[in-house]
**Q** 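This is the structure I want to talk about, given as structure tokens.
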Amino acid sequence: MILQKVLLSENTDGLYSHSSGLIKYENDNSVILGKDAEWSTKAYLNAFSVGKWCTYCDLQKITLHLCLEGNFMVQVYYVYIDHHKKQRRKKIAGGCVEAVEGDEIRYDIPMQRQGVVYFSLRALTDGAACRGAYFDGEAAAERDIILALNICTYKREAFLMRNLELLRNSFLENEDSILHGHLQVFITDNGSTLPIDALQNDDVHICHNPNVGGAGGFARGLIEIDKIKREKNITHVIFMDDDVEILTEGLIRTYTMLRCMKPQYQSDFIAGAMLRLEKRSIQHENGAAWNSGRCRFVNRGLDLQKFSNVVWNEVEQERDYAAWWYCCVPIAAVRKDNLPIPVFIHEDDVEYSLRNAKNIISMNGIAVRHPVMDNRRVSSNEYYNLRNMLIVNAKYCPDFGKKQLAKTMAVRLLMALLRYRYKDMELIYQAMVDFCKGPEWLMRVDAAAYHQKIIQMGYKMTDVSEKLKHCKYIKCSNLSERNSVKEIFRWAVRKKKLQGLLWQMITLNGWILPPAKETKAFTMGVHPIDLYRTGRIVLYDDTSMQGIEVRRSFRQIFAFLSFYIRSLMLICTKYDSSKADYRAEWASLHDIKYWRSVYDQE
């Protein structure tokens with residue numbers, strides 16, 4: 001069984017290989033080296049995750065196969081983290097090779113419980129070539145695997161059609177692919193704009209759906225998969241966003257891993273990492289821990305061009321949820337009584353993992369690329385992030401009590417006030433109100449219509465390009481509301497701004513001082529520390545140049561106090577009973593009976 005092919009593609013983003021000297025690529029299947037040039041798989045997509053393969057798969061032997069032409073110095077290395085958390089490297093195979101066209105060189109790879117393996121080729125003659133390379137494994141047993149992609153879309157035809165074309169060319173219509181005949185695609189169209197007759201066939205299934213958000217779209221996909229899972233012999237479902245850039249190698253590695261997975265891991269989820277679309281070597285997230293809503297994102301911001309980071313990325317860390325840009329679940333989880341909860345958007349993937357995932361597996365190379373809007377802070381998200389966090393915590397974090405919620409409300413409302421985003425304060429309070437209405441309200445409300453109401457309550461993003469021409473640009477500090485007071489003071493000491501920070505605190509961030517006259521421009525995620533003595537500001541997203549203009553208002557301090565006092569009253573009188581109601585009615589939230597009423601199905 002081929003566990004992993006080495007990708008012989010040009011190293012456009014630093015994730016395929018490292019090289020020096022004269023290197024030429026041919027048709028993505030050969031690497032030609034000039035004399036003394038060196039090429040290695042010391043990179044994110046081509047290093048072999050030997051620790052993960054040996055831990056999770058029932059393998060008895062692993063062999064590296066190299067198809068070479070010419071004279072080479074071959075070196076095979078094993079890199080791992082020792083008990084002192086230091087990276088260690090040792091040579092495990094290699095030597096001088098004289099190969100004629102078609103010669104295949106083999107090296108046995110020792111079984112390991114952690115770490116990665118890579119090889120390097122140094123050409124001893126001009127024009128030496130690597131015509132192919134792969135890692136092969138002998139498995140004790142192999143399972144027949146059929147994957148079903150569960151994709152939810154809403155009026156994103158360009159993204160959807162691009163990905164569907166890629167899937168067709170790579171797998172569905174490519175008889176040479178290992179995944180040919182082992183992949184089904186289910187697309188739930190919440191906008192009902194896709195042409196079903198033109199797109200649907202034996203491998204692609206299109207379903208028009210009401211606009212019930214991501215939760216309702218993915219739930220409908222699971223319902224459709226459940227109908228024909230036995231007919232198609234589906235064994236696993238992969239949740240996937242419609243606007244990702246699919247790394248086809250990630251799908252192949254997922255499929256191969258599942259084929260030879262040890263019985264004790266066959267109920268585990270496989271999480272795909274998210275790599276940033278605009279900063280292609282930067283990892284945005286590789287699974288996460290919920291932590292009562294203060295999420296810990298595994299290896300966020302890791303630059304995977306650095307091989308030391310590739311090795312660290314393989315170290316096992318706590319994960320209790322996998323986001324739905326790429327999340328593989330066993331078909332046993334796909335049942336009529338085990339669907340996503342109706343939260344419209346945000347935290348539906350968190351809850352589904354907390355309910356179903358015993359363990360979450362990750363592996364280098366199993367990933368997608370996705371746009372990351374660092375500086376696009378949509379008002380409606382303030383509502384959903386809080387309301388849905390409280391819903392999830394009601395079931396899975398019962399110790400998240402009144403004091404913690406009072407602190408959370410204070411921080412969120414205060415951050416909105418100090419950013420001059422006063423409409424967001426009302427949305428945050430509304431999230432608290434709606435949670436306290438209990439599960440009956442959640443199942444009764446028209447989610448799509450209510451979503452439009454939430455949007456209307458918030459700020460409308462507009463093109464601010466012209467306004468920005470007349471603003472003073474300010475570089476932000478990269479602090480966020482997640483930073484504790486201790487962390488902010490450490491930041492001030494490190495930046496030699498402690499005296500200024502203390503003065504800002506004394507003057508209430510400059511609110512008791514006259515504001516600066518000029519309009520200043522900040523990216524959307526600005527921390528209030530950066531807004532000292534500002535009067536009028538433009539908050540913008542530097543990718544789309546969309547943003548809002550806001551100004552300081554003393555009257556809003558009284559609005560803040562009003563919202564917070566009313567929040568405390570709700571916390572004292574209704575929070576505990578609402579938590580109890582959610583726990584009592586939890587099974588009803590993810591049962592098909594509810595979703596059928598939403599879809600108006602029989």
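Remember, predicted model here, so these are calculated numbers, not experimental data.
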**Q** Any salt bridge (Lys or Arg N to Asp or Glu O under 4.0 Å) involving residues 419-438? Give me the pairs, sequence neighbours left out, ordered by first then second residue.
**A**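 Sorted result for residues 419-438: R419-E481, R421-D424, D434-K437.
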
**Q** Is it the case that the ring center of H590 lies less than 6.0 angstrom away from the ring center of Y352?
**A**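 No - the distance between ring centres of Y352 and H590 does not fall below the 6.0 Å cut-off.
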
**Q** Only pairs at least two apart or in different chains count here, so list each side chain to side chain donor-acceptor pair (under 3.5 Å) that has a residue in residues 455-468.
**A**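 Passing the test, one end in residues 455-468: D463-S465, E466-K469, K467-E549.
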
**Q** Between K395 and E351, is there a side-chain N and carboxylate O pair less than 4.0 Å apart?
**A** no

**Q** Assign the ring pair W441 / Y450 to parallel, tilted or perpendicular, where the plane angle (0 to 90°) is split at 30° and 60°.
**A**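 W441 vs Y450 ring planes: perpendicular.
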
**Q** In terms of the angle between their ring planes, are F400 and Y575 parallel, tilted or perpendicular, with boundaries placed at 30° and 60°?
**A** perpendicular

**Q** So how far is it from L386 CG to I391 CD1, rounded to the nearest 0.5 Å?
**A** 10.0 Å

**Q** For the CD atom on E278, are there more than 12 heavy atoms of other groups (residues, nucleotides or ligands in this structure) within a distance under 6.0 Å?
**A** yes

**Q** Considering residues at least two apart in sequence or located in another chain, which fulfil the salt bridge (charged side-chain N to carboxylate O under 4.0 Å, His left out) criterion with D243?
**A**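 D243: salt bridge (charged side-chain N to carboxylate O under 4.0 Å, His left out) contacts with R156.
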
**Q** Run the side-chain donor-acceptor check on residues 306-314: report pairs under 3.5 Å with partners two or more places apart or on a different chain.
**A**
{"from": "N309", "atom 1": "ND2", "to": "D303", "atom 2": "O", "distance (Å)": "2.9"}
{"from": "N313", "atom 1": "OD1", "to": "Q283", "atom 2": "NE2", "distance (Å)": "2.9"}
{"from": "N313", "atom 1": "OD1", "to": "N286", "atom 2": "ND2", "distance (Å)": "3.4"}
{"from": "N313", "atom 1": "OD1", "to": "N299", "atom 2": "ND2", "distance (Å)": "2.9"}
{"from": "N313", "atom 1": "ND2", "to": "Q283", "atom 2": "OE1", "distance (Å)": "3.1"}
{"from": "N313", "atom 1": "ND2", "to": "N364", "atom 2": "OD1", "distance (Å)": "2.9"}
{"from": "E314", "atom 1": "OE1", "to": "N364", "atom 2": "N", "distance (Å)": "3.0"}
{"from": "E314", "atom 1": "OE2", "to": "S49", "atom 2": "OG", "distance (Å)": "2.7"}

**Q** With no hydrogens and no angle check, just 3.5 Å: does a side-chain donor-acceptor pair link D530 and S477?
**A** yes

**Q** Could you give me the CA-CA distance, side-chain angles and deciding distance for S380 and L427, then say whether side-chain contact (heavy atoms from CB on, under 4.5 Å) is met?
**A** CA-CA 7 Å; S380 59; L427 284 169; 5.7 Å; no

**Q** With E347, which residues qualify under salt bridge (charged side-chain N to carboxylate O under 4.0 Å, His left out), at least two apart?
**A** none

**Q** If you apply the rule ring pair (Phe, Tyr, Trp, His ring centres under 6.0 Å), what do you find for Y396 with W290, and how did you get there?
**A** CA-CA 10 Å; Y396 300 101; W290 174 237; 9.2 Å; no

**Q** Tell me, which pairs form a side chain to side chain donor-acceptor pair (under 3.5 Å) where one or both residues lie in residues 553-568, sequence neighbours left out?
**A**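 Of all non-adjacent pairs touching residues 553-568, those that pass side chain to side chain donor-acceptor pair (under 3.5 Å) are S562-R566.
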
**Q** Using a cut-off of 6.0 Å, state whether more than 12 heavy atoms not belonging to F554 lie near its atom CZ.
**A**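 Yes, enclosed.
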
**Q** With distance as the sole criterion, is a donor-acceptor pair present between the side chains of Y326 and H370 under 3.5 Å?
**A**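 No.
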
**Q** I'd like to know if R162 and E245 make a salt bridge, using a cut-off of under 4.0 Å between side-chain N and carboxylate O.
**A**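 The answer is no: the pair does not qualify as a salt bridge.
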
**Q** Which distance, rounded to the nearest 0.5 Å, do you find between the SG of C152 and the CG of N209?
**A** 7.5 Å

